[in-house]
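Presented below is the structure to which this report refers.
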Amino acid sequence: MAQDVGRLFQETGAMLQGHFLLTSGRHSPTYLEKFLVLQYPSYTQRLCRLITRRFVGDSIQVVAGPTTGGIILAFEVARQRGGRGICAETVGTGRAFRRGFAIAPGERVLVVDDVLTTGGSVRDVVAEVRRQGGHVVGIGVLVDRSSQGMDFGTPFFSCYRLSIPTYSPDECPLCKAGLPLTRPGGGGQGG
């Protein structure tokens, strides 16, 4: 199925080539515009089914994701599981549940996100779940494009693993080659 996931990104034009500024501040020659995949409900349903199947026996009560792409995934995974889907918004340097969303102490939470690069958004959501007394039972992402596997201290699943280099701005060969830097997405979200 991993090949099918990669094919979805390629067929929808979601795998872009160039010189991109990622949300993390790092630069990359490849950018994944996941919304070109998520605009198709049937693709979103298929991808979320992979996450749902991985965590089928974990008695999940809540699915939580970061804004913006994580909202779509949290909703669809929760719909497939028959539970609640909520989102954590950026507040200061972290994330918080707002708009009446909350985690009850002891609630079992699956954290989902679209594209994992540095893990910052996932770590922020996990921290907020734990701050509210919830129990993170797992993390599911569409694409893991991190340079190394990450350990979040809980079971982790990605629908697709893709090794794409990222560079700090001062060490970026694309900058040194004079390629123009693009800040893709809505305000730089994604990656």
Side-chain angles (χ1 to χ4, degrees), residues 16 19-28 30-38 44 48 51 55 60-78 83-158 164-172 175 181-191:
L16 308 174
H19 181 196
F20 301 100
L21 174 63
L22 305 178
T23 305
S24 64
R26 295 184 63 82
H27 295 193
S28 180
T30 304
Y31 182 79
L32 299 173
E33 184 48 85
K34 68 272 179 174
F35 290 111
L36 292 176
V37 174
L38 298 178
T44 302
C48 289
I51 296 170
F55 295 100
I60 294 163
Q61 297 167 291
V62 181
V63 182
T67 53
T68 300
I71 295 171
I72 297 168
L73 302 175
F75 173 83
E76 178 58 23
V77 172
R84 289 190 305 135
I86 64 174
C87 68
E89 299 178 55
T90 301
V91 176
T93 59
R95 300 254 175 190
F97 295 116
R98 299 174 56 192
R99 304 176 197 278
F101 294 142
I103 303 292
E107 265 191 309
R108 296 176 59 80
V109 182
L110 174 64
V111 174
V112 297
D113 200 6
D114 44 37
V115 179
L116 179 78
T117 302
T118 64
S121 296
V122 168
R123 287 186 211 295
D124 288 347
V125 175
V126 167
E128 179 63 3
V129 169
R130 290 179 176 154
R131 188 187 71 73
Q132 292 198 13
H135 174 68
V136 178
V137 297
I139 297 167
V141 300
L142 295 185
V143 179
D144 177 2
R145 66 161 285 162
S146 63
S147 58
Q148 304 172 343
M150 294 189 190
D151 183 5
F152 294 100
T154 191
F156 175 81
F157 172 78
S158 68
I164 300 172
T166 65
Y167 311 102
S168 64
D170 56 330
E171 297 177 356
C172 179
C175 288
L181 183 64
T182 303
R183 183 181 180 127
Q189 298 295 315

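Reckoned from all heavy atoms, side chains included, excluding hydrogens, waters and symmetry mates. Fair warning: this is a prediction, and the values are worked out from it, not measured in the lab.
Taking the side chain as every heavy atom from C-beta outward, Phe152 and Val111 never approach each other to under 4.5 Å. Within the 4.5 Å cutoff, the side chain of Leu22 has no heavy atoms near those of the His27 side chain. Using a 4.5 Å heavy-atom threshold, the side chains of Ile51 and Leu110 count as touching. Side-chain atoms of Leu181 and Arg183, non-hydrogen and from C-beta on, never get closer than 4.5 Å to each other. No side-chain heavy atom of Thr117 sits less than 4.5 Å from a side-chain heavy atom of Arg26.
In plain terms, the two heavy atoms of Val125 and Gly65 that are nearest each other are CG2-C, 4.3 Å. Closest non-hydrogen pair, Ala74 versus Ala64, comes out as CB-C, 4.2 Å. For Cys172 against His19, the heavy-atom pair with the smallest separation is SG-NE2, 3.5 Å. Scanning both residues, Val91 and Ala96, for their nearest heavy atoms gives CG2-CB, 3.8 Å. Residues Asp124 and Gly94 come closest through the heavy atom pair OD2-CA, 3.9 Å. Here the closest non-hydrogen pair linking Glu107 and Gln61 is CA-OE1, 3.2 Å.
Gln132 contributes a side-chain N or O that, together with a main-chain N or O of Ile103, makes up a donor-acceptor pair within less than 3.5 Å. A donor-acceptor contact shorter than 3.5 Å is absent between the side chain of Glu171 and the backbone of Ser168. Formation of a donor-acceptor pair under 3.5 Å by the Thr154 side chain with backbone atoms of Val136 is found in this model. At least one donor-acceptor pair closer than 3.5 Å links the side chain of Ser28 to the backbone N or O of Pro165.
Side chains of Arg145 and Thr30: a donor-acceptor N/O pair is absent below 3.5 angstrom, by distance only. A donor-acceptor contact closer than 3.5 angstrom links the side chains of Thr67 and Arg95.
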Side chain to side chain contact (heavy atoms under 4.5 Å, CB included) for Val141 and Phe156? Distances and angles first, verdict last. CA-CA 8 Å; Val141 300; Phe156 175 81; 3.7 Å; yes

As a quick check of understanding, evaluate side chain to side chain contact (heavy atoms under 4.5 Å, CB included) for Lys34 and Val143, giving each step before the final call. CA-CA 9 Å; Lys34 68 272 179 174; Val143 179; over 6 Å; no

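The aromatic rings of Tyr31 and Phe20 sit tilted relative to each other, their planes meeting at an angle between 30° and 60°.
With Leu73 as reference, Leu142 is the one residue of Leu142, Val63, Asp113 to meet the side-chain contact (heavy atoms from CB on, under 4.5 Å) rule.
If you take OG on Ser158 and CD1 on Ile139, they are separated by 11.5 Å, rounding to the nearest 0.5 Å. Here the CZ atom belonging to Arg98 is positioned 9.5 Å from the OG1 atom belonging to Thr90, to the nearest 0.5 angstrom. Between atom CE of residue Met150 and atom CZ of residue Arg123 there is a gap of 6.0 Å, rounded to the nearest 0.5 Å. Once rounded to the nearest 0.5 Å, the distance linking OG1 of Thr44 with CZ of Phe35 reads 10.0 Å.
More than 12 heavy-atom neighbours from other residues, nucleotides or ligands sit within 6.0 angstrom of CZ on Phe97.
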